[in-house]
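Note on naming: letters A, B, ... go to the chains in the order of the sequence lines (proteins, then strands), and numbering restarts at 1 for each one.
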Amino acid sequence: MLETKYDAKSVEENKYDYWKESGYFKCGNKSKNPYSIVIPPPNVTGKLHLGHAMNVSIQDIIIRYKRMQGFDTLWLPGMDHAAIATEAKVVKRLKDQGIDKYEYGREKFLSACWDWTHEFGGNIRDQWAKMGISVDYSRERFTLDEGLNKAVTKVFVDYYNEGIIYRGERIINWDPEAQTALSNEEVLYKEIEGAFYHLKYYIEGTDEYLDVATTRPETLFGDTAVAVNPEDERYKKYIGKNVSLPIVGKLIPVVADLHADPEFGTGVVKITPAHDPNDFEVGNRHNLERVVVMNPDATMNEDAGKYVGMTREECREALLKDLEEQGLLIKVEPMTHSVGHSERTGVMVEPYLSKQWFVKMGTLAERVLKTQENNEEKVNFVPEKFEKTLTHWMENCYDWCISRQLWWGHRIPAWYKGEEVYVGETAPEGDGWIQDEDVLDTWFSSALWPFSTLGWPEKTEDMERYFPNDCLVTAYDIIFFWVARMVFQAEHITGTRPFKDCVIHGLIRDKQGRKMSKSLGNGVDPMDMIEKYGVDALRYYLATDVAPGTDLRFDEEKLTSTWNYINKIWNASRFVLLNIEDLDSIKLDDLTDEDKWILTKYEKILDSTIKHMDKYEFNLVGMETYNFIYDDFCSHYIEFAKFNSSSPTTKSVLYIVLSGILKMLHPFMPFVTEEIYGMLPIKTHESIMISDYPKVDETKIFEEEERVVDNKIEFIKSFRNVKNENNISKDAKVMISTDDEIIIKMLKLQDVMITEPMDIHSYNVKANEYEATIYFEKQVTEEELKLKEKQIKDLEASIARRKNLLANESYVAKAPEALVQKERETLAKEEELLNSLKDR
RNA sequence: GGGCAAUUAGCUCAGUUGGUUAGAGCAUCUGCCUUACAAGCAGAGGGUCUGCGGUUCGAGUCCGUAAUUGCCCACCA
């Protein structure tokens with residue numbers, strides 16, 4: 001027997017292992033149509049946060065729904081090796097043990113990374129189990145496993161041969177802490193307090209100087225020119241002359257370049273081609289030398305003269321002091337400007353000239369843009385507006401720097417011997433070849449995830465069956481990083497989109513709308529919430545609280561009310577189970593109006609639920625089923641059923657509706673629905689998760705009875721309202737126009753019904769075809785009279801509005817006939833009600 | 001600078017293709033321990049849907065415009 005209170009812990013116990021061991025998560029039934037989703041692989045180093053909880057909840061809802069609908073569902077799990085993130089953590093752990101990465105050596109370091117992976121991967125799997133997600137563990141992959149490595153290498157080699165991947169010297173974002181290149185997306189810009197330092201660059205052989213404003217004086221050792229705008233009258237005369245680099249004394253030319261904006265600063269820009277991407281371009285246009293003045297760890301190198309060995313910051317300080325002493329510093333103008341910082345290590349990114357591998361984006365992006373114009377072939381974003389995020393990125397993308405100066409990752413399959421470069425899946429023949437030390441950007445391998453996990457480049461059955469994936473679920477902040485890359489990679493490599501639908505959800509914020517972060521200390525651990533409210537409550541809340549794609553402000557109070565909702569379902573089930581214990585077969589031969597009414601409501605809500613599920617509108621599913629369960633099922637039908645509880649037909653209806661509710665809710669709250677399903681007297685399947693999702697049964701829709709019972713309910717509500725509003729005691733005598741049993745029982749009128757009017761105060765209640773007069777002793781207070789007046793006034797206003805509307809000829813002519821008819825009926829009802837109110 | 005959103009009850013949010021009197025939860029007020037549930041039940045109050053203009057018989061919904069807020073991208077020598 002069920003406890004009177006829902007106890008999440010006991011309900012959730014053991015079920016996950018039971019499902020898993022029964023093989024319910026596994027795909028492969030060839031007699032069914034396939035449906036596939038690949039999980040966005042979480043970083044192996046990480047801990048699942050609420051965002052992950054939301055992400056996997058949504059996917060599990062989709063997959064459980066499709067599974068129950070009879071699809072052969074594959075939900076493929078896996079994790080990401082997260083090159084820089086993991087490497088940073090392992091480096092730190094070794095450092096704490098007094099071990100230096102480079103002294104330790106590549107092989108031992110990688111083995112430490114694998115240890116870390118195995119240690120933390122287990123945590124993630126435990127948390128997945130807590131979330132109840134039905135992933136097929138037999139297909140689990142890792143972005144750095146052997147198969148994926150093969151795929152990554154093949155793509156690299158093919159791209160190289162096609163000329164899509166190239167090696168070049170560019171200004172890249174350099175992380176001096178991790179000592180690696182970063183892609184644009186791995187750089188976060190922060191507003192910081194800085195200054196414009198105005199320096200004197202003397203014109204050669206004169207005592208005239210140019211006022212050069214810079215935020216980065218320490219890069220002046222790398223200056224190889226000064227640029228002015230060719231149209232700038234102030235400086236035209238200096239073009240072609242030389243200026244003397246302060247402190248250094250080296251002569252560099254003044255060049256004319258549009259990059260110099262006369263409106264900005266002093267209109268004179270120092271050009272440092274090796275330390276600024278714009279200057280690099282200017283340098284190319286004017287054939288300037290590129291002088292790198294820093295070491296990879298952002299200390300100054302020998303080109304910085306006496307400042308060699310200092311850090312960027314030390315050098316700036318010392319240099320400014322010297323400049324000032326020599327009278328070369330004109331002024332310091334404080335300003336805030338945004339400066340790039342490494343997403344992972346947090347240090348200031350140094351634009352740095354270096355040799356890196358790049359993916360040429362042009363043709364790849366064009367193909368995506370073209371595909372997105374074709375409705376049959378494009379990736380369908382849900383909500384649709386996120387498609388713009390993708391296309392906008394594709395229209396404005398830069399070549400992608402894919403090499404990382406790390407060890408943990410897919411090693412670049414390139415070998416060098418002197419000036420020779422060899423790119424291939426295996427090492428070249430002959431001696432003297434040295435493999436590139438670098439690895440690939442993590443996103444290069446995760447971009448292949450939708451198909452590399454299915455065995456590509458082999459022509460596997462899985463690839464044939466589950467690719468393209470049906471759906472991908474992720475948050476909008478990951479569209480640039482990952483979604484975009486999966487799309488162009490899949491389209492170029494496999495010739496098709498990676499997935500048909502891309503369901504985008506929002507981010508989770510705290511109650512005040514701030515991002516959850518360690519520094520604010522406002523993070524919430526999903527595991528704590530599961531401990532307190534159960535995972536069903538957490539899943540339901542995360543999946544249904546907000547419209548698709550919008551951010552969710554996490555509010556623990558809502559989790560409490562979700563718990564209450566589950567408790568309501570629990571208790572409604574308890575009532576049903578208590579009453580249908582002896583039910584052994586479904587009998588629907590003498591349906592009452594009320595039975596027909598709830599069946600109709602149920603079929604309608606089912607129909608609507610399926611439509612919303614198919615459009616991933618889980619918030620609407622939540623709202624509609626909630627209203628159905630609370631109002632129609634619990635408040636009304638269960639109350640009706642209490643008067644009729646021995647009827648086999650009513651029992652059958654209770655059974656049908658309850659089991660339908662359980663199935664509709666199962667994807668959202670798998671544990672509690674499984675628990676209750678297990679107690680049903682009639683079961684078609686061993687587990688609800690492999691049972692059939694209900695289908696709409698048109699023969700159980702009874703429009704007329706639905707209307708009849710709706711009218712009864714409306715009357716019941718009006719009656720209660722009048723009694724409540726007027727504080728009328730329970731035993732007030734009532735004369736009523738109907739002998740409808742349900743109405744009489746619901747209103748508890750059995751002992752107070754009279755047939756003759758009484759000569760005391762009374763209220764008249766009228767709704768639809770039902771009418772009642774309530775007699776009471778108490779004097780009518782002034783307050784109550786005012787209330788009545790207000791009701792009459794409101795009603796009169798409404799009638800006037802409606803009359804006006806119906807008098808409008810163009811409304812009657814153009815609005816749908818049914819609507820006009822309904823307006824007329826409502827008007828009639830209102831007029832009748834008004835009369836009865838006045839009668840009281 | 002470019003782009004994308006948002007603005008609805010005290011708070012957090014819903015509101016499908018325009019169509020009765022705009023809905024939930026929490027909070028507030030009134031009355032109830034009515035044997036599924038008091039973490040409950042029966043009711044109530046609370047909104048000129050950010051402002052202005054337009055299209056329409058009809059606008060929270062479509063168009064324009066202003067304000068405010070948020071996010072993303074680029075740039076900031």
Side-chain angles (χ1 to χ4, degrees), chain A residues 2 4-6 184-185 189 191 194 196 212-216 219 226-227 259-261 264-272 276 278-279 282 335-339 385-386 388-389 392-393 396 476-477 479-480 506-507 511 513 544-547 549-555 557-558 560-565 567-579 608 611-612 615 617 619-620 622-623 626-627 630 634-635 638-639 642 716-717 720-725 727 730 748 787 794-795 797-798 801-802 805 808-816 818-820 822-823 825-827 830:
Chain A
L2 273 69
T4 57
K5 269 195 170 55
Y6 157 61
N184 290 345
E185 285 73 14
Y189 286 87
E191 289 290 320
F196 245 154
V212 177
T214 177
T215 55
R216 306 230 33 215
T219 62
V226 163
H259 169 60
D261 176 359
F264 192 85
T266 59
V268 189
V269 199
K270 69 194 221 21
I271 301 299
T272 322
D276 182 280
N278 289 311
D279 292 5
V282 177
M335 67 177 302
T336 57
H337 57 151
S338 69
V339 177
K385 66 180 179 190
F386 289 109
K388 281 187 200 153
T389 309
H392 190 254
W393 189 80
N396 300 289
Y476 62 74
D477 63 339
I479 295 176
F480 297 124
L507 307 179
K511 213 179 164 182
T544 62
D545 189 56
V546 288
T550 52
D551 288 351
L552 180 147
R553 292 192 187 203
F554 189 83
D555 182 355
E557 276 182 5
K558 290 199 179 184
T560 312
S561 44
T562 305
W563 186 94
N564 290 346
Y565 176 39
N567 188 54
K568 182 80 181 177
I569 295 165
W570 180 264
N571 274 291
S573 305
R574 194 162 162 264
F575 172 84
V576 174
L577 292 171
L578 284 169
N579 282 282
S608 168
K611 284 180 179 140
H612 291 312
K615 291 194 276 184
E617 294 167 336
N619 61 322
L620 299 180
M623 190 166 31
Y626 179 93
N627 290 334
Y630 255 95
C634 293
S635 298
I638 284 185
E639 296 305 322
K642 284 178 182 171
I716 290 168
K717 287 189 158 189
R720 284 172 175 166
N721 180 350
V722 167
K723 274 187 88 168
N724 243 315
E725 290 267 280
N727 250 329
K730 283 189 268 197
K748 303 184 197 313
L787 192 77
D794 288 351
L795 207 50
S798 180
R801 193 192 61 83
R802 221 176 291 279
L805 183 67
N808 183 333
E809 279 175 32
S810 59
Y811 169 75
V812 177
K814 291 183 185 174
L819 200 68
V820 178
K822 218 165 184 184
E823 284 290 336
E825 281 167 21
T826 311
L827 179 63
E830 282 179 338

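- Between T215(A) and A77(B) there is a side-chain N or O to OP1 or OP2 distance below 4.0 Å.
- Taking the six-membered ring where the residue is Trp, F386(A) and Y476(A) present parallel rings, their angle staying beneath 30° rather than reaching 60°.
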Nucleotides 14-18 of chain B: which of its N/O atoms have a protein N/O under 3.5 Å away?
unit_1 : atom_1 : unit_2  : atom_2 : d
A14(B) : OP1    : A547(A) : N      : 3.2
A14(B) : OP1    : T550(A) : OG1    : 3.1
A14(B) : O3'    : N619(A) : ND2    : 3.3

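- Residue D261(A) is in base contact, counting any heavy-atom pair closer than 4.0 Å across all strands shown.
- Within the nucleic acid shown, T826(A) comes within 4.0 Å of at least one base atom, counting heavy atoms only.
- Residue K558(A) is in base contact, counting any heavy-atom pair closer than 4.0 Å across all strands shown.
- In this structure, W563(A) reaches the bases: a heavy-atom distance under 4.0 Å links it to at least one base atom across the strands shown.
- Looking at RNA chain B, the stems built from 3 or more consecutive Watson-Crick or G-U wobble pairs, each pair with its key distances under 3.5 Å, are B:1-7 with B:67-73, B:10-13 with B:23-26, B:28-32 with B:40-44, B:50-54 with B:62-66.
- Note on K270(A): only backbone sugar-phosphate atoms sit closer than 4.0 angstrom, heavy atoms only; bases stay farther off.
- Between E825(A) and K822(A) no salt bridge is recorded (no basic side-chain N to carboxylate O distance below 4.0 Å).
- Under 4.0 angstrom from either OP1 or OP2 of A74(B) there lies no side-chain N or O belonging to H392(A).
- Nucleotides C63(B) and A27(B) have their P atoms positioned 38 Å apart, rounded to a whole Å.
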Polar pairs (N or O, both sides) under 3.5 Å between protein and nucleotides 26-32 of chain B?
unit_1 : atom_1 : unit_2  : atom_2 : d
C26(B) : O2'    : E557(A) : OE1    : 2.8

Every protein N/O within reach of nucleotides 36-38 of chain B N/O, cut-off under 3.5 Å:
unit_1 : atom_1 : unit_2  : atom_2 : d
A36(B) : OP1    : K642(A) : NZ     : 3.0
A36(B) : O3'    : R574(A) : NH1    : 3.2
A36(B) : O2'    : N571(A) : OD1    : 2.6
A36(B) : O2'    : R574(A) : NH1    : 2.8
A36(B) : N7     : K642(A) : NZ     : 3.4
A36(B) : N6     : C634(A) : O      : 3.2
A36(B) : N6     : E639(A) : OE2    : 3.4
A36(B) : N3     : N571(A) : O      : 3.2
A36(B) : N3     : A572(A) : N      : 3.2
C37(B) : O4'    : N571(A) : OD1    : 3.0
C37(B) : O4'    : N571(A) : ND2    : 3.4
C37(B) : O2'    : N567(A) : ND2    : 3.4
C37(B) : O2     : K568(A) : NZ     : 3.2
C37(B) : N3     : K568(A) : NZ     : 3.0

Interface polar pairs with nucleotides 8-11 of chain B, N/O, under 3.5 angstrom:
none

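- Y630(A) and Y565(A) have parallel rings, their planes meeting at less than 30° on a 0 to 90° scale where 60° marks the start of perpendicular.
- Using a 4.0 Å heavy-atom cutoff across all strands shown, N721(A) reaches sugar-phosphate atoms only and no base atom.
- Applying the side-chain contact (heavy atoms from CB on, under 4.5 Å) rule to R553(A) yields no partners; only residues at least two apart in sequence or on another chain are considered.
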